[in-house]
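Written out below as structure tokens is the structure these notes cover.
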Protein chains: 2
Amino acid sequence: MKQRKLYNRINLLRQERKLSRKELAEKIGVNFQTVGYLEREEYNPSLDLAFRISGCFGLPIELIFSTKPQPPLSEELMRWRNKEE
Amino acid sequence: MKQRKLYNRINLLRQERKLSRKELAEKIGVNFQTVGYLEREEYNPSLDLAFRISGCFGLPIELIFSTKPQPPLSEELMRWRNKEE
DNA sequence: AGAAAATGATGTATATATACAATATGAAAC
DNA sequence: GTTTCATATTGTATATATACATCATTTTCT
């Protein structure tokens, strides 16, 4: 199967939490260079690794990864605020 | 990284929808034997494939896959019904 | 400015996911 | 009962993810 390129917000979320790649890598149990590959979207994580990242950030997989380029989180937030007016 | 074994409800969901492995495989764009491997949990899907399966069933990834063995869907349903009494 | 830390880039090696073919078995249809 | 379809099993081949080392570049800290 030809894998589609996936998009993610790992870099954004990591910076929000003021973690270095090395620190994040340790939390999720991978080599720190692997985090670099993921942030640059050079390849996709395994589903298992996606679950670990999801758990580390306390966010659902769908909020971190997607099949379409990710809009800024601020936009996503506004969409929710407008939904319940 | 040593991959953890993941659990899934593919077989259940496929049967609910009365699909053969071949039919499901065509919808998500993989070999029908790959569906067998996933249902038997002999290996984990890639994140991309997990997204395709999620899209095909119209369910979030977390409802289909998990890091712990999956309880019957009926139990999960009752937990939700009790939550909002 | 200079040292230290974080990141980017390149290359090699291993583990894991996916495809595909062949065969066996079991269940369903006729 | 035998043909057909769905599934299981085994084997080989390829694609993709992950680890690890090294060096270059950039950023941060003092």
Report the distance from atom CG of A:Leu38 to atom P of C:dG8, rounded to the nearest whole Å. 12 Å
Side chains of A:Val30 and A:Leu38: does their closest heavy-atom pair fall under 4.5 Å? no
Using whole Å, report how far CZ of A:Arg52 lies from C1' of D:dT18. 11 Å
The single option from A:Arg9, A:Arg81, A:Lys83 that satisfies salt bridge (charged side-chain N to carboxylate O under 4.0 Å, His left out) with A:Glu76 is A:Arg9
Contact under 4.0 Å: B:Arg14 side-chain N or O vs D:dA6 OP1/OP2: no
Below 4.0 Å: OP1/OP2 of C:dT18 and any side-chain N or O of B:Asn31: no
Under 3.5 Å, side chain of A:Asn11 to main-chain N/O of A:Glu39, donor-acceptor pair present? no
Rounded to whole Å, please give me the gap between CD in A:Glu26 and C1' in C:dA5. 14 Å
Write down the distance between CG (A:Leu19) and P (C:dA6), rounded to a whole number of angstrom. 11 Å
In whole angstroms, how far is the P atom of D:dT9 from the CD atom of B:Glu41? 14 Å
Treat primed atoms plus P, OP1 and OP2 as sugar-phosphate and everything else as base, then score nucleotides 10-17 of chain C 5' to 3': B for base contact with protein heavy atoms under 4.0 Å, S for sugar-phosphate contact only, - for none. BB----SS
Residue whose closest nucleotide on DNA chain C lies nearer the 5' end, B:Leu47 versus A:Phe32: A:Phe32
Which one of A:Thr67, A:Asn44, A:Leu47 satisfies the side-chain contact (heavy atoms from CB on, under 4.5 Å) criterion with B:Phe51? A:Thr67
Below 4.0 Å: OP1/OP2 of D:dA8 and any side-chain N or O of B:Arg21: yes
Atom NZ of A:Lys22: over 12 foreign heavy atoms under 6.0 Å: no
Under-4.0 Å salt bridge between B:Lys27 and B:Glu23: no
